[in-house]
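These notes are about the structure you will find just below.
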Amino acid sequence: MAVEGVATTIERGAFDGLLTAIARSGYELIGPTIRDGAIVYDEIATSADLPIGWTDEQDGGSYRLRRRDDEALFGYAVGPQSWKRFLHPPEVTLWRASRDGDGAMAIESCEDGKPSYAFVGVRSCELHAIAIQDRVMVGGEHPDPFYAARRDGALLVAVNCTVGGGTCFCVSMGTGPRAGPGFDIALTEVIDGGRHYFLCEAGSEPGAAILAAVEQAPARAAEAAAATAAIAVAARHQGRSMEADGIRELLYDNYEHPRWDEVSERCLTCGNCTMVCPTCFCTTVEDSTDLAGAEADRTRRWDSCFTMDFSYVHGGSVRASARSRYRQWMTHKLATWIDQFGTSGCVGCGRCITWCPVAIDITEEVAAIRADAID
Amino acid sequence: MPAATPTRSTLARPKLAVWKFASCDGCQLSLLDLEDELLTLPERIEVAYFLEASRAVVEGPYDLSLVEGSVTTRADVERIREVRRVSRHLVTIGACATAGGIQALRNFADVGELAAAVYPSPSYISTLETSTPIAASVPVDFELHGCPIDRHQLLEVISAFLARRRPAIPAYSVCVECKRRGNVCVMVARGTPCLGPVTHAGCGAICPGHDRGCYGCFGPMETPNPGSLSASMRDLGAETPDLIRAYRGFNAAAPAFRAAGDAHAAESEAEA
Ligand code: SF4
Ligand code: SF4
Ligand code: SF4
Ligand code: SF4
């Protein structure tokens, strides 16, 4: 629920007070931190765990950390992971069955309680991605209890983007860079001469309650304007764009476009794009039994429309060629998703471009089809 | 074995045999590495022939034969036919048995010259010109890849066999496991060439988890595209000899890797 409120400012020196207030409210803090040459999401305790003074340089198939010339906490775009890792984990055991000595069967659910995550540093595109996954996972007739348990308890602390990522195109997709609805707290980081502060807004009652416990001051017009200007820089410097108008019809009309053949020569069908995409939700379930034949369990794992098993139907895969698999992925993201869930499945985060080992670029593919459309 | 009331499984324990051809024994050892499950195994399966573990030999036929190693001699050819004859199910384990192994590098060279370089009396050596996978000699029911195989996957294959279900051994890329595990991609973030995108899953993406590129131990994935990957590896600085070496490893003779290695070898000749 949006709370009618005035923005306030929190000084950098008081920022750890915000993290403490969140933790005191019973949340487990998850935020950006540096590991193995990238900014990943993991448990954090204090601001010292954040990527202070680092940014990311991204392009097709390439990601590098770079030093900034300031001590910004959130001066980067997005890393390889998304919050999907926590809300819709890569591997979940669903249930376990056991047979006792008399052959009697017992089945137990493996629902794992209700974690209360506070996600610190959620970008605008990621808020949209979470909203999309909400529709997919809990918006239908059969809500997923595992997702619901994680999602219900989650606190979303958004951070407005102030750097334009090399592969970002949220402006084209209408998903950023300023955080829209859905956050509990939204922050904009401003470094202005010697002063380092955060403009802060509450987006919900729990968010407002946490903020009330933090040392802050009412925001002045100049501070709010500085924050808006910082966000405008991110919008201006995005490395990618995509013309999204009429994209559903474009892709439906160009199912046989020669571009699909070209991209399929490069595509490795490795599945990296779907794994990093914050909206891709597909999973497979695998059963395993123990040697004694006394226990069995069913595990759900992230799957991808780039695997052969994904479209395996009695005797073979329906999408055996790389062409049909890439086409399925892109068409689902940008066209059939709209029919299925009412929005695009792409929020313009750029991860599929950066983390594709051969730099296949969804924005380039759309542009190529559009430039030479069959209809 | 406890003398408790016989369960379904102890009444009719399938007979297991483990056979060795040209190999290093590493894959069979992963059976002994199954520390936690090793004690349950004999309750469910009669280990009838496993020289690495026991000299006691039970006569065939066998319900499940695990075959390690490649075919490199004329005697091997005869013996694998005999193994097939006495085995209801035959599962090959490891890169040697499924692709010819590292010793298949001889397939790209002259065996006589190699033997002369290695052995003081090469005349004692009686060997075939090539090292070939078991499936080139006899029909195989399931192939478990890896150099060495992953012991959890071996356990899955045996358990699936006992439960008469299809083993859950996915043939997609190492990248899928790599991302599930939460690794940061070494190719994208470090510029380190990695064979993960063309390699069969199974190891759990161990090497990228330790900041190394994948060496392709599990052989080609289901729909590999080495040509495209090589182009990216070149962009990262790999040169033709590096690419030849990348594909000519433990799975050099697996068709997709052989084709890629041969293509780069031809480039190398053209460059020379
Ligand atoms: S398709 Fe690519 S750019 Fe779009 S949301 Fe997914 S990962 Fe991000
Ligand atoms: S694009 Fe593929 S993996 Fe992603 S949600 Fe659609 S079908 Fe699933
Ligand atoms: S588009 Fe790129 S990341 Fe996606 S499957 Fe193809 S090669 Fe892999
Ligand atoms: S490190 Fe290698 S295996 Fe992992 S995602 Fe990157 S290319 Fe694939």
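Heavy-atom basis, side chains included; hydrogens, waters and symmetry copies ignored. Letters A, B, ... mirror the listed sequences (proteins, then strands); counts begin at 1.
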Carboxylate-amine/guanidinium proximity below 4.0 Å for B:Arg151 and B:Glu35: no
B:Ser230 and B:Tyr247: side chain donor to acceptor below 3.5 Å: yes
Qualifying residues under side chain to side chain donor-acceptor pair (under 3.5 Å), relative to A:Arg96, sequence neighbours excluded: none
Proximal component of B:Glu222, with respect to chain A [non-hydrogen, under 4.5 Å]: side chain
Donor + acceptor pair across side chains of B:Thr98, B:Thr92 (<3.5 Å): no
Neighbours of chain B found in residues 305-316 of chain A - heavy atoms under 4.5 Å: A:Phe306, A:Thr307, A:Met308, A:Asp309
Engaged part of A:Asp290 at the chain B interface, taking heavy atoms whose separation is under 4.5 Å: backbone
Chain A interface, residue from B:Met233, B:Met221, B:Arg165 that has the most non-hydrogen pairs under 4.5 Å: B:Arg165
Test item: B:Asn251 and B:Phe218 side chains (from C-beta on) under 4.5 Å apart, heavy atoms: no
Those residues of residues 176-197 of chain B, ordered by number, that approach chain A below 4.5 Å (heavy atom to heavy atom): B:Val176, B:Lys179, B:Arg180, B:Arg181, B:Gly182, B:Val184, B:Cys185, B:Met187, B:Val188, B:Ala189, B:Arg190, B:Gly191, B:Pro197
Nearest atoms (heavy-atom pairs only) where A:Cys349 meets A:Val78: O-CG2, 3.6 Å
Proximity breakdown for A:Ser264 and chain B, heavy-atom pairs closer than 4.5 Å: backbone
Parallel, tilted or perpendicular, as decided by the 30° and 60° cut-offs, for the rings of A:Trp355 and A:Tyr63: tilted
Check: A:Trp54 ring centroid to A:Tyr76 ring centroid under 6.0 Å: no
Salt bridge (charged side-chain N to carboxylate O under 4.0 Å, His left out) assessment of A:Arg323 paired with A:Glu262: CA-CA 8 Å; A:Arg323 174 184 190 266; A:Glu262 283 167 47; over 6 Å; no
For chain B, the option from A:Gly271, A:Gly79, A:Gly37 that forms the most heavy-atom pairs under 4.5 Å: A:Gly37
Residue A:Ser304 versus chain B: region with a heavy atom under 4.5 Å: neither
Working for salt bridge (charged side-chain N to carboxylate O under 4.0 Å, His left out), residues A:Asp56 and A:Arg68: CA-CA 9 Å; A:Asp56 48 18; A:Arg68 291 171 57 92; over 6 Å; no
Contact listing (chain B partner; residues 274-288 of chain A; heavy atom under 4.5 Å): A:Met275, A:Val276, A:Glu286, A:Asp287, A:Ser288
Residue pair A:Ile360 / A:Cys273, side-chain heavy-atom distance below 4.5 Å: no
A:Phe74 versus A:Pro32, closest heavy-atom pair with distance: CE2-CG, 4.0 Å
Residue part contacting chain B, namely of A:Val358, when any heavy atom lies under 4.5 Å: both
Lys/Arg N to Asp/Glu carboxylate O, B:Arg248 vs B:Asp262, below 4.0 Å: yes
Distance-only side-chain donor-acceptor flag, B:Ser65 / B:His89, under 3.5 Å: no
Test salt bridge (charged side-chain N to carboxylate O under 4.0 Å, His left out) applied to A:Asp261 and A:Arg327, step by step: CA-CA 10 Å; A:Asp261 295 313; A:Arg327 185 176 63 185; over 6 Å; no
A:Ser321, part contacting chain B, at a heavy-atom distance under 4.5 Å: neither
Which portion of A:Arg325 sits near chain B, non-hydrogen atoms under 4.5 angstrom: side chain
Test: A:Arg64 and A:Glu57 ion pair at under 4.0 Å: no
Top of A:Asp42, A:Asp303, A:Leu65, A:Thr269 for chain B proximity - count of heavy-atom pairs under 4.5 angstrom: A:Thr269
Contact origin within B:Leu229 toward chain A - heavy atom pairs under 4.5 Å: both
B:Tyr49-B:Trp19 aromatic ring centre distance below 6.0 Å: yes
Heavy-atom pair count under 4.5 Å with chain B, highest-scoring of A:Glu265, A:Arg85, A:Arg301, A:Gln58: A:Arg85
Nearest-0.5 Å distance, CD of residue B:Glu267 to CG of residue B:Leu243: 7.5 Å
Parallel, tilted or perpendicular: ring planes of A:Tyr326 versus A:Trp260, cut at 30 and 60 degrees: tilted
